[in-house]
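Heads up, the thing below is written out as structure tokens.
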Amino acid sequence: MRISTPGRICLFGEHQDYLGLPVIAMAISLRVILEGKKRQDRKVIIHKPDLGETETFSLDDLSYTKPRDYFKSGLKVCINEGLSFSTGVKCEITSQIPIQAGCGSSSAIMVCWIHFLSQMADQPPNWDRQKIGELAYRAEVTEFNEPGGMMDQYSSAVGGTIYLESEPKISIRELSPKLGAFVLGDSGEPKDTMGILQRCRDNRLTIIQKLKIQNPDFNLHSCDSDFNAEGLKDDEKVLLGGTIRNRDLLRQALQELEKNEPDHELIGKLLSEHHTVLRDVLKVSTSKIETMLDAALN
């Protein structure tokens, strides 16, 4: 069996979904490819030629032996959903998606793995794309108590361009904007994914907690941009302001992306402003990325 799953870029709402705010993301033409079949024994063998590695374990022992032991967690999540596996599997995974480049490479692999396992089960279920995204999120984030949101898994599983809400419940709207081609620039500098997530998430969750102590009715979805943030330090006010600004930029972009013929120049301006907040407020850019952006804009 051969399964292929796309990576993704985030257009709007970057570093917002784990705060419960919506995102707009787009699958890209770089993909993970998994080819595999059932074995006659209970072994699971995963060849990773891109990394020069082979991972082997038994279905009879799915205890985690390393951080982010994703292939085992994927199996556990499927088994918890009621699937059974009488025999193991053998597969090879290759990827066109750059690693640690902000394109959802690990989530694309997990989505591919969950889909593959569902087809290798003794009684394959008829899971839809959203269900596969949900299980990939559980296997990658919930199972290891990691700080990420669910944008990567759902973007890769559903494909195309999506508007994703996680509160008050998970809701996905598929968009079909005529945006033409995107050029994805890879700086070649590995991203400290977990460090960035923890810094950006934890600081803002602390701010939200402070505000809710002062005002139990505080809601990040509905507060105004000129919200009275008394009791916050200056740097906390800047973080909150940037978060609200990117929330509002997404809402403006969504209106445009729902049109048959979106204004490309406006979308470009909104993308640039969104990145400005990421750079100046959340500090997630680098000097090399800024040089690349300046060259592109020039």
Side-chain angles (χ1 to χ4, degrees), residues 5-19 23-33 48-53 66-70 93-112 136-137 140-141 144 146-156 161 179 181-204 235 238-239 242-243 245-246 249-250 267-298:
T5 307
R8 66 99 191 100
I9 53 174
C10 178
L11 298 183
F12 298 96
E14 184 78 89
H15 290 291
Q16 303 270 78
D17 59 336
Y18 45 72
L19 303 177
V23 296
I24 298 173
M26 175 187 284
I28 59 176
S29 56
L30 300 176
R31 307 178 73 90
V32 167
I33 298 158
K48 311 172 199 173
D50 295 341
L51 301 176
E53 296 176 2
K66 60 183 179 181
R68 310 174 90 186
D69 207 345
Y70 288 156
I93 298 176
T94 56
S95 178
Q96 305 162 337
I97 307 167
I99 297 172
Q100 289 184 303
C103 301
S105 59
S106 67
S107 298
I109 291 172
M110 179 59 83
V111 167
C112 221
Y137 170 74
E140 195 173 359
V141 179
F144 297 100
E146 292 196 346
M150 55 187 64
M151 167 180 62
D152 291 6
Q153 296 82 12
Y154 280 99
S155 298
S156 186
T161 304
L179 291 178
F182 279 72
V183 176
L184 181 60
D186 182 6
S187 70
E189 298 176 321
K191 181 166 75 85
D192 177 17
T193 303
M194 301 314 297
I196 290 171
L197 282 175
Q198 287 171 342
R199 186 184 76 243
C200 293
R201 183 193 71 161
D202 294 350
N203 289 346
R204 288 184 292 170
D235 60 334
V238 171
L239 261 178
T243 302
R245 180 60 188 143
N246 269 352
L249 286 169
L250 177 142
I267 293 293
K269 287 178 179 177
L270 294 174
L271 285 169
S272 292
E273 190 170 347
H274 177 252
H275 173 74
T276 298
V277 175
L278 293 173
R279 180 192 67 205
D280 297 344
V281 178
L282 295 182
K283 312 294 184 186
V284 296
S285 189
T286 69
S287 58
K288 186 172 182 181
I289 288 173
E290 292 307 312
T291 300
M292 292 167 67
L293 284 171
D294 287 344
L297 288 169
N298 287 336

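The chain is numbered in sequence order, starting from 1.
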Mind listing the closest non-hydrogen atom pair of [X] and [Y] along with its distance?
{"X": "T5", "Y": "C112", "value": "OG1-SG, 3.2 Å"}
{"X": "Q96", "Y": "S29", "value": "OE1-O, 3.7 Å"}
{"X": "P6", "Y": "A108", "value": "O-CB, 3.5 Å"}
{"X": "S105", "Y": "V32", "value": "O-CG2, 4.3 Å"}
{"X": "Y18", "Y": "R204", "value": "OH-NH2, 3.3 Å"}
{"X": "I289", "Y": "S187", "value": "CG1-CB, 4.0 Å"}

Non-hydrogen side-chain atoms of [X] and [Y] separated by less than 4.5 Å:
{"X": "V277", "Y": "E14", "answer": "no"}
{"X": "F182", "Y": "I9", "answer": "yes"}
{"X": "L30", "Y": "L184", "answer": "yes"}
{"X": "Q16", "Y": "M151", "answer": "no"}
{"X": "P49", "Y": "T94", "answer": "yes"}
{"X": "L271", "Y": "L249", "answer": "no"}

Would you check if the side chain of [X] reaches a backbone N or O of [Y] as a donor-acceptor pair within less than 3.5 Å?
{"X": "R8", "Y": "G102", "answer": "yes"}
{"X": "D50", "Y": "S95", "answer": "yes"}
{"X": "S156", "Y": "G7", "answer": "no"}
{"X": "H274", "Y": "N246", "answer": "no"}

Rounded distance [0.5 Å steps], [atom1] in [X] versus [atom2] in [Y]:
{"X": "M292", "Y": "D186", "atom1": "CE", "atom2": "CG", "result": "7.0 Å"}
{"X": "M150", "Y": "E140", "atom1": "CE", "atom2": "CD", "result": "12.0 Å"}
{"X": "E290", "Y": "L297", "atom1": "CD", "atom2": "CG", "result": "9.5 Å"}
{"X": "L51", "Y": "I93", "atom1": "CG", "atom2": "CD1", "result": "10.0 Å"}
{"X": "R245", "Y": "L250", "atom1": "CZ", "atom2": "CG", "result": "11.5 Å"}
{"X": "T161", "Y": "I24", "atom1": "OG1", "atom2": "CD1", "result": "9.0 Å"}

(message) Tell me whether the count of non-hydrogen atoms from other residues, nucleotides or ligands lying under 6.0 Å of NZ in K269 goes above 12.
(response)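 12 or below, so no.
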
